[in-house]
Amino acid sequence: MRRKILAGNWKMHGLTVDLQEINEISKFSKSCETEIILFPPITLVSKISSSITESSLKLGAQNCHFNQAGAHTGEISAKMLTDIGLTHVILGHSERRTAHLETNEILREKIKAAWENDLTTIVCVGESAETAKNGLTDVFIQDQLTKTLPNHIKINRLIIAYEPIWAIGTGEVPSLKQIKKTHDLIRNLIKNNYGSLAANSIRIIYGGSLNQDNSKDIFSLPNVDGGLVGGASLTHTSFIPIISLLEMQPN
């Protein structure tokens, strides 16, 4: 059985005053069966109390470099993330792919570096509005995922997030039929490329304007194992209701 998972990507948000939000989410997570991970800015990690780091709430980073160390000003390696107690990292988010020109090949090296340092990766894939409009979503997702994932994967270190670019932060969400179709596609692609064990074990989550109003229906889809939440994860009052809706779903 795949354990349900909900991840909150804070992006470039969060100051010391916002640590209380993490405290509240941490308290709530103690009674949850759902795996809950927050990805705050790296500036807050050292300020997070030991009571949180020792709780069931897990913490991750929003990016890492593919080298262990070196002359890479402004970068953070996977080894450094493990060193400060983080367990997860988001890789391949469309904002990184677009604004920082991260190619599938670069991301593949980042994934391998993360796995070598015992980090679990949330690997993002998703199409643009133009690609979706032209009916090329399936072809694009297949190509992106095939070129991003290494030939040999670590099943227990991989989570895949489907985030259509046109839905991120826009309030627009694909139809349930579209989401189901793409998640089914990803599941079948994993099976064909890596076998049944991988297909049955790897969790696939949805992201892109996920909120309290639409998450119940999305979480009810058979191949949706949870979600990657953006803006709605910034406060406990908006994030906890989404966690509760996922908790209601059977494993």
Side-chain angles (χ1 to χ4, degrees), residues 3-65 68-69 72-93 95-96 100 110-111 113-124 156-159 161 163 169 203 205 207 210-212 215 226-247:
R3 185 183 179 190
K4 298 293 182 180
I5 179 173
L6 196 66
N9 179 14
W10 279 27
K11 305 187 180 184
M12 201 172 70
H13 297 283
L15 301 174
T16 303
V17 68
D18 300 305
L19 287 171
Q20 184 57 33
E21 299 296 339
I22 299 177
N23 290 335
E24 294 298 328
I25 294 168
S26 176
K27 290 177 187 177
F28 186 81
S29 71
K30 294 177 181 178
S31 61
C32 296
E33 294 183 6
T34 298
E35 182 177 9
I36 304 167
I37 313 158
L38 282 183
F39 296 84
I42 205 71
T43 52
L44 288 186
V45 172
S46 64
K47 298 179 182 293
I48 292 174
S49 69
S50 59
S51 63
I52 292 177
T53 57
E54 294 170 3
S55 73
S56 57
L57 178 68
K58 296 179 180 177
L59 298 172
Q62 300 172 21
N63 180 45
C64 73
H65 200 273
Q68 298 274 23
H72 304 292
T73 302
E75 296 287 350
I76 298 175
S77 72
K79 189 173 184 178
M80 291 173 176
L81 300 180
T82 303
D83 187 53
I84 60 173
L86 301 188
T87 57
H88 291 67
V89 62
I90 297 173
L91 295 173
H93 194 283
E95 291 162 0
R96 297 288 311 181
H100 298 272
K110 288 190 174 193
I111 293 168
W115 291 346
E116 288 169 3
N117 288 278
D118 298 323
L119 290 171
T120 297
T121 55
I122 295 183
V123 177
C124 302
N156 63 333
R157 295 290 184 191
L158 175 61
I159 299 160
E163 283 203 311
R203 290 171 290 180
I205 61 179
L210 190 64
N211 57 47
Q212 184 178 351
S215 56
L228 178 57
V229 184
S233 70
L234 295 175
T235 66
H236 74 278
T237 54
S238 57
F239 194 47
I240 287 177
I242 301 175
I243 299 173
S244 299
L245 289 169
L246 184 55
E247 283 277 287

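In this chain, residues are counted from 1 in sequence order. Predicted model, so just to flag it, every value in this text is computed and none were measured. All values below were derived from every heavy atom in this structure, side-chain atoms included, with hydrogens, water molecules and symmetry-related copies excluded.
- Here the side chain of Arg96 pairs no donor or acceptor atom with the backbone of Leu91 at under 3.5 angstrom.
- Closest approach of Ile205 to Gly227, counting heavy atoms only: CB-N, 3.7 Å.
- Here CD1 of Ile90 is found 10.0 Å from CD1 of Ile159. Values are rounded to the nearest 0.5 Å.
- Panel note: side chain Ser244, backbone Ile240; a donor-acceptor pair is recorded below 3.5 Å.
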Before you tell me yes or no, could you show the steps for Ile52 and Asn23 under side-chain contact (heavy atoms from CB on, under 4.5 Å), namely the whole-Å CA-CA distance, both residues' side-chain angles and the distance that decides it to 0.1 Å? CA-CA 7 Å; Ile52 292 177; Asn23 290 335; 2.7 Å; yes
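- Residues Lys4 and Glu33 form no side-chain contact, since every pair of their non-hydrogen atoms from C-beta on lies 4.5 Å or further apart.
- Inspection of the Glu163 and His93 side chains reveals an N or O donor paired with an N or O acceptor under 3.5 Å.
- With a 4.5 Å cut-off on side-chain heavy atoms, Leu86 and Ile42 count as touching.
- Using a 4.5 Å cut-off on side-chain heavy atoms (C-beta onward), Leu57 and Ile22 make contact.
- In terms of heavy-atom proximity, Leu246 sits nearest to Gly226 at CD2-CA, 3.9 Å.
- Side chains of Cys32 and Leu6 form no contact here, defined as non-hydrogen atoms less than 4.5 Å apart.
- Side chain of Lys110 to main chain of Cys64: a donor-acceptor pair is present (N/O by atom type, distance under 3.5 Å, no hydrogens or angles).
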Between Leu234 and Asp18, is the side-chain contact (heavy atoms from CB on, under 4.5 Å) condition met? List the steps. CA-CA 8 Å; Leu234 295 175; Asp18 300 305; over 6 Å; no
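- No donor-acceptor distance shorter than 3.5 angstrom exists from the side chain of Ser29 to the backbone of Ser56, with no hydrogens or angles considered.
- In this structure, Leu44 CG and Glu21 CD are separated by 11.5 Å, a value rounded to the nearest 0.5 Å.
- When atom types are taken as modelled, the side chain of Gln212 and the backbone of Ser238 share no donor-acceptor pair closer than 3.5 angstrom.
- For the residue pair Ser77 and Gln68, no side-chain donor N or O sits within less than 3.5 Å of a side-chain acceptor on the partner.
- The side-chain heavy atoms of Arg157 and Asp118, taken from C-beta on, include a pair separated by under 4.5 Å.
- Side chains of Glu247 and Ile243 form a contact here, defined as non-hydrogen atoms less than 4.5 Å apart.
- For Lys27, the salt bridge (charged side-chain N to carboxylate O under 4.0 Å, His left out) partners at least two apart in sequence or on another chain are Glu24.
- Separating the OG1 atom in Thr43 from the CE atom in Met12 is a distance of 10.5 Å, to the nearest 0.5 Å.
- For Glu95, the salt bridge (charged side-chain N to carboxylate O under 4.0 Å, His left out) criterion is met by Lys11, not counting sequence neighbours.
- Nearest heavy atoms, Pro41 versus Gly14: CG-O, 3.8 Å.
- In this structure, Thr82 contributes its side chain and Asn117 its backbone to a donor-acceptor pair below 3.5 Å.
- Atoms CG and CD1, from Leu210 and Ile242 in turn, are 5.5 Å apart once rounded to the nearest 0.5 Å.
- The one candidate from Thr121, Thr120, Asn156 that meets the side-chain hydrogen bond (donor to acceptor under 3.5 Å, both in side chains) condition with Trp115 is Thr121.
- Considering all non-hydrogen atoms of both residues, Gln62 and Trp10 come closest at NE2-C, 4.0 Å.
- Here the straight-line distance linking atom CD1 of Ile5 with atom OG1 of Thr34 works out to 9.5 Å at 0.5 Å rounding.
- With rounding to the nearest 0.5 Å, the separation of CD1 in Ile37 from CG in Leu59 is 9.5 Å.
- Considering every non-hydrogen atom in both Ala7 and Phe39, the closest pair reads CB-CE1, 3.7 Å.
- Annotation for Leu228 and Cys124: closest pair CD2-SG, 4.0 Å, computed over non-hydrogen atoms.
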